Amino acid sequence: MTTLDFPAWLRIEHWLNVLFLTLLMRSGHEILGSYPKLYWRNDSRPGTEWARFTRKTMPTDKLYDTLDEEENYSPVISLPGRKMLGMGRHWHFVSVLGWVGTGVVYVALLFGTGQWHRYIPYSWEIFPTAWNDLLTYLSFDLPPLLPGEPLDGIQKLTYAAVIFLLAPFQILTGAAQSPAVEARFPWYVRLFGGRQSARSLHFLGLVAFLAFVVVHVAMIALWGWGELNALMIFGEVRDTRWAIAASLGIIAAIVLLHVAATVWSLRHPRSVQRVLGAVLERVRLLTLRPLVSRQDYSTAELSPQHRVNGKPPDSDAYKTLAVHGFADWRLDVGGLVDRPVRLSLDELRALGEPQTQRVLHNCVQGWSSIGEWTGLPLRVLLDRVQPMPEARYLCVLSLQDNARDEPSSEGGGRFYEVIDLDLARQSHTLLAYGMNGGSLPIKHGAPLRLRIENQVGFKMVKWIERIELVSSYDVIGRGAGGWREDNVYYDKDVAI
């Protein structure tokens, strides 16, 4: 049988796991702060949350959105803190890649070297042994180790559960929160009871990991801090003082990496956005972009109250349009097209048969709702205007001015978002003018809004005024691909 020692690769993987897990926990805390409430139902209806991490109470006499509910967590706990969800997402997803990659290598080496015996039981006898071990611990004594192994029975089962059950559970519940995965495989998110259930289960998985870490450190102290540190540094019990010093040095280095990541994010967020975004973009385009929506929720599943994000334009021009039922509103479509158009709402409707889709809406902050949207497939409009060969992107401009919606950001100005031409041509991408069997409400984007079901909500521009086809978006705004990308440092492609 393979000797269950502590090979170099296992020791290296242990410390890498510490790094990525702590990055995941801190960045996850930042993401939680953007919508600090947990639900079991897809509609995220206010007052039905089962857990909340905020003392804010929302008004009942005026419109509010989930930006008003966001919490400002300290950078000491969150990565990076200070209401920087865009940065938190960058760090969380990069850490996911690192953690999953580390885990894949770890499991492959476990089975490739025979070290899997340290976690997977040989017989069912491990369960009564583990129960006796637990009783021994509760009597404040230490149980014997399994013959020829570095763990006792309860430890062996616990490690096996964390590696082969809890870690995959976190990956699966994380994937169930991706709008692209949810759109393409709606059955998958139903396995977890819905999008909000997946989010809640993901949080409970985090709590389980935290509990494991606390117990794990306690076990190290009980079984011998010096000896176990020596095993994880040198692979054998020797020079315990140097082993403890080396362990503390590694922990200090991990803390310094956290400090550096936090400072870099808070002082140079654009740099973080570009560097980490370059890594994430390739992965997203390869794995998530091909996922086209196949959602078809029933009318019974429609949310009785669809949540709102973003406040309607408060300009006199918009109010005048609204008062007159948007009779004077026009959609301008131009740029790199052969046949630019200027369309009224009636003319837009007349371009093609209306398409209706009942879908799950995912806000970047974490809430969700199911709604029915009716409108014109965007590809029909594109066929009408005939994009030039050099056209690669659509810049969709809104009547909304965001200076009041994001007062803590770098700037206000007209809201806009950039989407790729191939995404605009997908079957589910819709210019919606109706909702839930009626006209599109003002708070949800009247007279016209965008629907892209494999992206998060902020890409679905509301109160649309103009669509411009362009070859590049580098000179639009700050060149990041949208208003939120420019000012709040989100990703341009947000399929997760």
Side-chain angles (χ1 to χ4, degrees), residues 12-36 53 70-106 167 170-171 174 177 202-203 205-207 209-210 212-213 217 246-284 364-366 406 408-410 456 478 480-481 484-494 496:
I12 294 171
E13 289 264 339
H14 170 270
W15 292 111
L16 285 175
N17 192 49
V18 173
L19 170 63
F20 289 123
L21 265 180
T22 50
L23 287 172
L24 282 170
M25 289 176 179
R26 289 188 65 225
S27 58
H29 192 259
E30 178 68 29
I31 293 172
L32 178 64
S34 66
Y35 192 57
F53 306 93
E70 188 174 10
E71 279 292 344
N72 187 356
Y73 290 153
S74 167
V76 175
I77 301 173
S78 298
L79 176 61
R82 299 179 185 171
K83 287 188 176 182
M84 294 191 71
L85 174 58
M87 291 291 95
R89 285 169 54 87
H90 282 298
W91 283 111
H92 198 69
F93 299 145
V94 164
S95 299
V96 166
L97 295 180
W99 184 61
V100 171
T102 298
V104 168
V105 172
Y106 183 78
Q170 287 298 87
I171 295 169
Q177 297 175 69
H202 197 66
F203 171 79
L206 165 66
V207 173
F209 260 114
L210 285 171
F212 168 76
V213 170
V217 173
S247 294
L248 293 176
I250 294 172
I251 293 171
I254 291 173
V255 171
L256 287 175
L257 285 173
H258 276 269
V259 172
T262 304
V263 172
W264 183 28
S265 300
L266 294 176
R267 294 183 180 178
H268 306 285
R270 186 72 67 206
S271 173
V272 176
Q273 180 188 37
R274 289 171 179 165
V275 173
L276 300 189
V279 176
L280 295 171
E281 181 180 15
R282 291 175 175 83
V283 177
R284 281 193 298 265
V364 71
Q365 289 180 265
E406 297 278 3
S408 63
S409 66
E410 293 181 0
V456 300
R478 292 185 171 91
R484 289 188 183 273
E485 294 89 332
D486 285 346
N487 296 287
V488 203
Y489 310 104
Y490 288 168
D491 315 286
K492 173 182 161 292
D493 293 288
V494 278
I496 193 168

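None of these values were measured; they are calculated from a predicted model. FYI, the numbering just counts along the sequence from 1.
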In sequence, state the C-alpha distance, the side-chain angles, and the governing distance for Val96 and Ile171, and then conclude on side chain to side chain contact (heavy atoms under 4.5 Å, CB included). CA-CA 9 Å; Val96 166; Ile171 295 169; over 6 Å; no
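- For the pair Gln273 (side chain) and Tyr490 (backbone), a donor-acceptor distance under 3.5 Å is present.
- A 4.5 Å side-chain heavy-atom check between Leu97 and Val283 finds at least one atom pair inside the cut-off.
- Looking only at side-chain heavy atoms (C-beta outward), Glu70 and Tyr35 stay at 4.5 Å or farther from each other.
- Between atom CZ of residue Phe20 and atom OG1 of residue Thr102 there is a gap of 4.5 Å, rounded to the nearest 0.5 Å.
- Of all heavy-atom pairs spanning Pro80 and Gly88, the tightest one is CD-N, 3.7 Å.
- Residues Arg26 and Thr262 form a side-chain contact, since some pair of their non-hydrogen atoms from C-beta on lies under 4.5 Å apart.
- Side-chain atoms of Glu30 come within 3.5 Å of backbone atoms of Gly81 as a donor-acceptor pair (strictly under, hydrogens ignored).
- Between Ser265 and Val272, the shortest heavy-atom contact is CA-CG2, 3.8 Å.
- The minimum heavy-atom distance linking Ile496 with Val456 is given by the pair O-CG1, 4.4 Å.
- Here the closest non-hydrogen pair linking His92 and Gly28 is ND1-N, 3.4 Å.
- In this structure, the side chain of Ser34 engages the main chain of Ile31 through a donor-acceptor pair within 3.5 Å.
- Residues Val275 and Trp264 meet the side-chain proximity criterion, which asks for heavy atoms closer than 4.5 Å.
- The CD1 atom of Ile251 sits 12.0 Å away from the CG atom of Leu256 when rounded to the nearest 0.5 Å.
- Taking 4.5 Å as the limit, some side-chain heavy atom of Val364 sits within range of a side-chain heavy atom of Arg89.
- Taking the six-membered ring where tryptophan is involved, the planes of Phe53 and Phe203 are tilted, since the angle between them lies from 30° to 60°.
- Here the straight-line distance linking atom CG of Leu21 with atom CD of Gln170 works out to 9.5 Å at 0.5 Å rounding.
- Summarising the geometry, atom CE belonging to Met84 is positioned 10.0 Å from atom CG belonging to Leu79; distances are rounded to the nearest 0.5 Å.
- Residues Trp15 and Ser247 have side chains in contact (heavy-atom distance under 4.5 Å, counting atoms from C-beta outward).
- At distances below 3.5 Å, not a single donor-acceptor pair connects side-chain atoms of Glu13 with backbone N or O atoms of Val105.
- We find the NE2-CD distance between His29 and Glu71 to be 9.5 Å, quoted to the nearest 0.5 Å.
- The structure places CH2 of Trp91 at 12.0 Å from CG of Leu24, a figure rounded to the nearest 0.5 Å.
- Between the side chain of Arg274 and the backbone N or O of Ala480, no donor-acceptor pair lies under 3.5 Å.
- With a 4.5 Å cut-off on side-chain heavy atoms, Glu281 and Asp491 do not count as touching.
- Here the side chain of Ser78 pairs no donor or acceptor atom with the backbone of Pro75 at under 3.5 angstrom.
- Side-chain atoms of Asn487 and Arg478, non-hydrogen and from C-beta on, do get closer than 4.5 Å to each other.
- Looking only at distances, a side-chain donor or acceptor of Arg284 sits under 3.5 Å from a matching main-chain atom of Asp493.
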